[in-house]
Amino acid sequence: MALGDLMASRFSQSSVALVSNHLDEEYVSSHDDVVDLSSQRLDSETASSSYGNGTNATTTSMAYLPQTVVLCEFRHEAFEACIPAGPSDTGLISKWRPKDRMKTGYVALVLCLNISVDPPDVIKISPCARMECWTDPFSMAPQKALETIGKNLSAQYERWQPRARYKVQPDPTVDEVKKLCNTCRRYAKSERVLFHYNGHGVPKPTASGEIWVFNKSYTQYIPLPISDLDSWLKTPSIYVFDCSAAGNVVNAFIELHDWAASSSSGSTRDCILLGACEAHETLPQSAEFPADVFTSCLTTPIKMALRWFCRRSLLHESLDESLIDKIPGRQNDRKTLLGELNWIFTAVTDTIAWNVLPHELFQRLFRQDLLVASLFRNFLLAERIMRSANCSPISHPLLPPTHQHHMWDAWDMAAEICLSQLPSLVEDPTAEFQPSPFFTEQLTAFEVWLDHGSEHKKPPEQLPIVLQVLLSQCHRFRALVLLGRFLDMGPWAVDLALSVGIFPYVLKLLQTTTPELRQILVFIWTKILALDKSCQVDLVKDGGHTYFIRFLDSQEAYPEQRAMAAFVLAVIVDGHRRGQEACIEAGLVQVCLRHLQVSTPSDAQTEPLFLQWLCLCLGKLWEDFPEAQIMGLGEDALAIYAPLLSAPQPEVRASAVFALGTLLDVGSNFCRDGVGGDEECDNDEKSRAEISIIKSLLSVASDGSPLVRAEVAVALGRFSFGHNNHLKSIAAAYWKHQSGSPLSSLPSLAHIRSPSSVVPSQIGPISRVGTDSSPFVRDGRVCTSSPLATSGIMHGSPLSDDSSQLSDSGILNDGVSNGVANHSAVKPLDNVMYSQCVSAMCALAKDPSPRIARLGRRVLAIIGIEQVVAKPLKTSGGSVRPSDPMASSAFGLVRSSSWLDMNGGGHTSLTFRTPPVSPPRPSYLTGMRRVCSLEFRPHLMSSPDSGLAGPLLNSGVSSGSTERSLLPQSTIYNWSCGHFSKPLLTVADDSEEILAKREEREKFALEHIAKCQHSSVSKPNTQIARWDTKFETGTKTILLQPFSPIVIAADENERIGVWNYDEATLLNSFDNHDFPDKGISKLSLVNELDDSLLLAASCDGNIRIWKDYASKDEQKLVTAFSSIQGYKPGIRSLNAVVDWQQQSGYLYASGEVPRIMIWDLDKEQLFNSVLSSPDCSISALSASQVHGSQFAAGFVDGSVRLYDVRTPESLVCAVRPHTQRVERVVGIGFQPGLDPAKIVSASQAGDIQFLDIRSKREAYLTIEAHRGSLTALAIHRHAPIIASGSAKQLIKVFSLEGEQLNTIRYYPTIMAQKIGSVSCLSFHPYEVLLAAGAVDALVSIHAD
């Protein structure tokens, strides 16, 4: 199967793994006849019901088990925990790329044969080995034989390195050798020199490593010390010693080099030595071998190997050995018999070497120098052949034994198949030879390994063969597919492939035009670049970027494969100016924008990964490259990006924000230093573009995904840097005239919303917000609105509903920064835009995600505002509580100049990040302080856009590069790169285990649901557990886990505790966040049938979702966002009410606001905002756990409303059952069962109303449960019981018919202690268990 098909099948399988249950896709015609969509999904029995008639729903057990699973994507694994690194630029490719690729430029061939005169220390046998370079020296005159042997040896070496210069020196003297060596080094310069020594006509080398040459008259043997030879040839060099006792020479060389390295002046020398035998051995004399068997193995390996094999195989009787010299073809033509044999031999020896050598040594010997690699491959053959004659060739560096490696068997088989064809091929030259099955079989072996291998098993030994196969067109496609599968196994596999030397091969293949290779080549490059981007230079140099641009622009490839091409191009341009320029010339901007334009984010056919990487690719192309930014704006990029900001996938939205952020000017020198004069820098157009970008960014500043908000913060940081002084003046003007204790004189800014808001007098003389937009003059300044009088500075969206009412006029700077226009080339935008930006920055600085809050604070630091945080006091009990009851979460805004005066003027060393506040308050405050920015330090005003960077971080340097390093850095690109470093072709192995766990839980749930529904009325009257939570402010909310004996509770200070109530042990305890306000309003389990997540909703509307919450100190924040946006004037506390609906994947949130926010947690996006009541806020909220999209709300005026988000107007009906005493609804919920219209509502007055909204508008049953003191209501999800709690230390349990089943007043102790004032109640979802929390911090659990 082709890799593209494999990927397509993998993606199609994964796309149906989870059932999407978004009810906006399953539209229902009208709210008068609504079908239960949760069960409509099932093919079997369905459960349907309607509001219009009272038909009973057919019970469907599966309707109770939602299939939706949310927040389990890659982005939720560790957003808060770690900062992604992205591809390395000094990683594996640079590690395995030959840093100093060498060439052997000169070869000296020294032949000491002295034909017809035997050396004195050799006693020859008869018959004896005589052949030298396949020539019989006794078949001609000695001198002619010497010349012939020299020519043959030179020709044999030239086959391996044709471009080197060769010099033969027959029977030389010492002077001739010296002259030869000096000549070689002079011509070779820094290249390697090969010195080949044949000593068959002279005595063995001495024990001290001296070799022998002749005197001029050939009457004496003259010793030549190896140290002299080394001093003449220098380094780099390679020596071949073909003589008996060659080990003496090698050992002497090693000693010489060790001594030189240990001496102070010595350095490591690049010398390689090959010796024919050990120091105590003599060369084989058998006539079976040539006399120079070592040289023959090194220079004519195929001929030598076949001759040796032929004599040991069954072919020796039928095959004439002389035919071996007649093998047809050329060694470098793989389509001929000789070429294929050479190809197979290269693959076998490469494979043996790679499998037995350390990879660094393999790289040096087999990949650095063409001639050295050939000699070492052939050296492996020499070891095999000569060891059969009891002779052991040696080398330096030393190689482990390889003569018995099992790959030699594969070579023998290939040799036998080729030799069996030889007679017929020699007889008929026109006959076509049958290629060996060697490569096909080895690829099959590799494929078997891929099916069963892993990182922890032995690496696949066929990897070098796969590399060789890439050279062949007939095997290339299969080899590339298998290589792609291997690289997909992980970084370790990429490391192994690069160590073999795959890089130059796949780089060269980018020059091919074969269409079927394109997909797999893109995939292979994706896997390589996901690990190491350092080869971006090579790709651009070889024009590889055009290959990927063409692929990106092709329509026939799968979108996820084109996403890979976009990823490769993004890596090519990442921080690489030459790559950016090359890609612009090749039209990458136009290609990317065209594909973004034709792809709509909501289109089911569009691959979000493709959109994501088109955005990231353009962002990296535009990053710090003004020419590309201008080109992007000219191609209408802003309009193309606008719909992407509302894409269903957070990754796409975040990538779009990143790309838009890179279009913002960060105060670069492009238009400032005269690079392109005034005529080239259209400031008006640039300003319009910036306004458009900022509006787009502010529209997603309150996105539900931290991934998106992080990029908004980074982009605002870039904007702040480019418009530093304008933003500073906007911010500084607000705080300039504050006097007295700033923390006590400031109100909460949460309610400053629009020009129609009335601002309290504490705001001070800087501004007044009026109802008209006409400016008025005060203290010499013109203003109509506070610079921060924008929406939601504390919690909400910078661009929520009423922000359009803001006046277009704003503050005119009074010179606090020496006149903005005097020293800045950046054209100021309108002040309303600046004030909205500051508002958004403040909101980000208070983000519920700690990472976003840190980014927000860094952005504020750029414009000279620092958040002042007085940590809350920790009491001995470990909980967090404000010690001052008057403490509020107002901003503390401090002028830096007063702090400078306190410290002796403006010349103090600014080493304190948080200067002391006067007077200190024993409370928790999250405030904003004006830190000492450069406007208040005239002696540092030389740089026009000097900002906080120098003084704040003590850098003292106001250069642009230093300051820009302080900008918050985007992480979406590095984070997204992680997708490609993970396996893409295989589905996770744990899917079966997950399914089995899910099935087991579904079985448990269905069994217990049946018990709850069909058993007689149960009443939880037996207390099975009770313990003190140690919560100093009592228990605020409580939750029972469905499949473990675990209870989760939280207090007013947002301390969350997790207990095992069977064993009465505390499993975990942690703070929801560091600066709690009014406690947690709701705890819910997300994905309760799978690995559940804990949703903690704070009273301020912030949502935090935790994983691993039941493991001690292992809790991790999965996501966090603010669920309520847009506030009514004057609201100081939100009192948020929240509920989670697993069926639909929706989170419903409201509070002291006129709207109900509906969040889609799968998309991490605000799905809808339903108008609730402009006059009255919601006090209780409940989502149906059976009917997705339905929820009920109770209001502070006692009214109850039922909503269905599938209907156009959402509201189904409104009733007002609590009429006797108008008090707020404390609890509301759907009655057990599949009926969507039966609701239970309880008010603070103590009455519980049972409503059937279909038939009547008034309650069909009323219970006067408590008299004016009802504090909690719990409705069992499946059993027909409800429970209510009272501030008067009382819990009552009722049936759905109104019968009081039980009353709980006392704990079952000897002293009959009364229970505390009940603060919260919760039923187990599938069992009759009731958990109760009280203000005295005791928690109890009651069972049937």
Side-chain angles (χ1 to χ4, degrees), residues 98 101 104 156-162 274 296-306 308-309 324 327 329-357 359 361-385 399 402-403 405-419 433 435-443 445-446 460-476 479 483 497 499-506 508:
R101 184 177 282 283
T104 300
Q156 287 169 196
Y157 267 114
E158 280 183 38
R159 199 173 293 140
W160 305 108
Q161 177 57 292
L274 300 174
S296 296
C297 288
L298 292 182
T299 57
T300 56
I302 304 301
K303 186 174 184 175
M304 191 67 226
L306 292 179
W308 181 79
F309 169 73
I324 291 174
I327 295 177
R330 299 188 311 277
Q331 279 200 340
N332 56 359
D333 185 357
R334 290 183 298 274
K335 294 180 180 177
T336 63
L337 182 58
L338 183 60
E340 182 169 78
L341 277 169
N342 186 57
W343 186 26
I344 294 172
F345 178 80
T346 302
V348 167
T349 48
D350 245 16
T351 301
I352 293 172
W354 185 75
N355 279 288
V356 299
L357 295 185
H359 289 173
L361 185 58
F362 173 82
Q363 192 75 21
R364 180 187 166 199
L365 300 181
F366 287 81
R367 293 291 181 264
Q368 203 174 66
D369 185 318
L370 198 60
L371 184 56
V372 171
S374 300
L375 289 177
F376 267 94
R377 285 192 199 101
N378 303 343
F379 178 80
L380 301 184
L381 174 71
E383 188 196 11
R384 185 188 192 206
I385 290 177
L399 303 188
T402 59
H403 60 289
H405 197 279
H406 64 87
M407 280 304 294
W408 286 119
D409 297 333
W411 160 252
D412 289 344
M413 184 177 177
E416 187 167 334
I417 291 171
C418 289
L419 287 175
F433 90 100
S436 167
F438 172 80
F439 288 107
T440 305
E441 290 166 354
Q442 293 300 318
L443 286 178
F446 183 46
E461 61 184 24
Q462 297 83 13
L463 213 48
I465 297 173
V466 176
L467 183 70
Q468 288 294 324
V469 168
L470 294 180
L471 300 169
S472 165
Q473 215 163 351
C474 59
H475 296 295
R476 186 176 292 156
L483 178 63
S499 75
V500 173
I502 214 87
F503 180 77
Y505 286 72
V506 290
K508 193 78 173 171

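Just so you know, residue 1 is the first one in the sequence shown, and it goes up from there.
Minimum heavy-atom separation, Gly501 to Tyr505: O-CD1, 3.4 Å. The two residues Leu380 and Thr349 have their closest heavy-atom pair at CD1-O, 3.5 Å. Minimum heavy-atom separation, Leu298 to Leu375: CD2-O, 3.5 Å. Of all heavy-atom pairs between Phe366 and Ala373, the closest is O-CB, 3.5 Å. Across every non-hydrogen atom of Arg384 and Trp411, the tightest pair is NH1-CD1, 3.9 Å. Considering every non-hydrogen atom in both Trp354 and Pro460, the closest pair reads CZ3-O, 3.5 Å.
A side chain to side chain contact (heavy atoms under 4.5 Å, CB included) with Val500 is found for exactly one of Leu467, Ile465, Val466, Thr351, namely Leu467.
A distance of 8.0 Å separates SG of Cys418 from CG of Leu306, quoted to the nearest 0.5 Å. In this structure, the separation between CD on Gln442 and CE on Met407 is 4.5 Å, given to the nearest 0.5 Å. For the atom pair CG (Leu399) and CZ (Phe362), the distance works out to 11.5 Å, reported to the nearest 0.5 Å. To the nearest 0.5 Å, the span separating CD on Gln462 from CG on Asn355 amounts to 8.0 Å. The CE atom of Met304 sits 7.5 Å away from atom CG of Leu381, with the distance rounded to the nearest 0.5 Å. If you take CD1 on Ile385 and NE2 on His403, they are separated by 13.0 Å, rounding to the nearest 0.5 Å.
Side-chain contact between Pro435 and Glu340 is present, with at least one heavy-atom pair separated by less than 4.5 Å. The shortest distance between side-chain heavy atoms of Leu338 and Asn342 does not fall below 4.5 Å. Looking only at side-chain heavy atoms (C-beta outward), Thr299 and Arg159 stay at 4.5 Å or farther from each other. Under the 4.5 Å side-chain criterion, counting only non-hydrogen atoms from C-beta, Phe446 is in contact with Leu463. In this structure, Arg367 and Asp350 have side chains that are in contact, with non-hydrogen atoms separated by less than 4.5 Å.
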### Task
Starting from the C-alpha separation in whole Å, work towards a yes-or-no answer on side-chain contact (heavy atoms from CB on, under 4.5 Å) for His475 and Thr440.
CA-CA 8 Å; His475 296 295; Thr440 305; 3.3 Å; yes
### Task
Evaluate the criterion side-chain contact (heavy atoms from CB on, under 4.5 Å) for residue pair Leu357 and Gln363; output intermediate values, then yes/no.
CA-CA 9 Å; Leu357 295 185; Gln363 192 75 21; over 6 Å; no
#### Entry: Working for side-chain contact (heavy atoms from CB on, under 4.5 Å), residues Phe438 and Met413
CA-CA 8 Å; Phe438 172 80; Met413 184 177 177; over 6 Å; no
### Message
Using side-chain contact (heavy atoms from CB on, under 4.5 Å), reason through Phe439 and Trp343 one step at a time and then give a plain yes or no.
### Response
CA-CA 10 Å; Phe439 288 107; Trp343 186 26; 3.4 Å; yes
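Other residues, nucleotides and ligands contribute more than 12 heavy atoms inside 6.0 Å of the CD atom of Glu158.
Checked by atom type and distance alone, the side chain of Asn378 never pairs as donor or acceptor with a backbone atom of Pro301 at under 3.5 Å. Under a 3.5 Å cut-off, the side chain of Asp369 and the backbone N or O of Thr104 do form a donor-acceptor pair.
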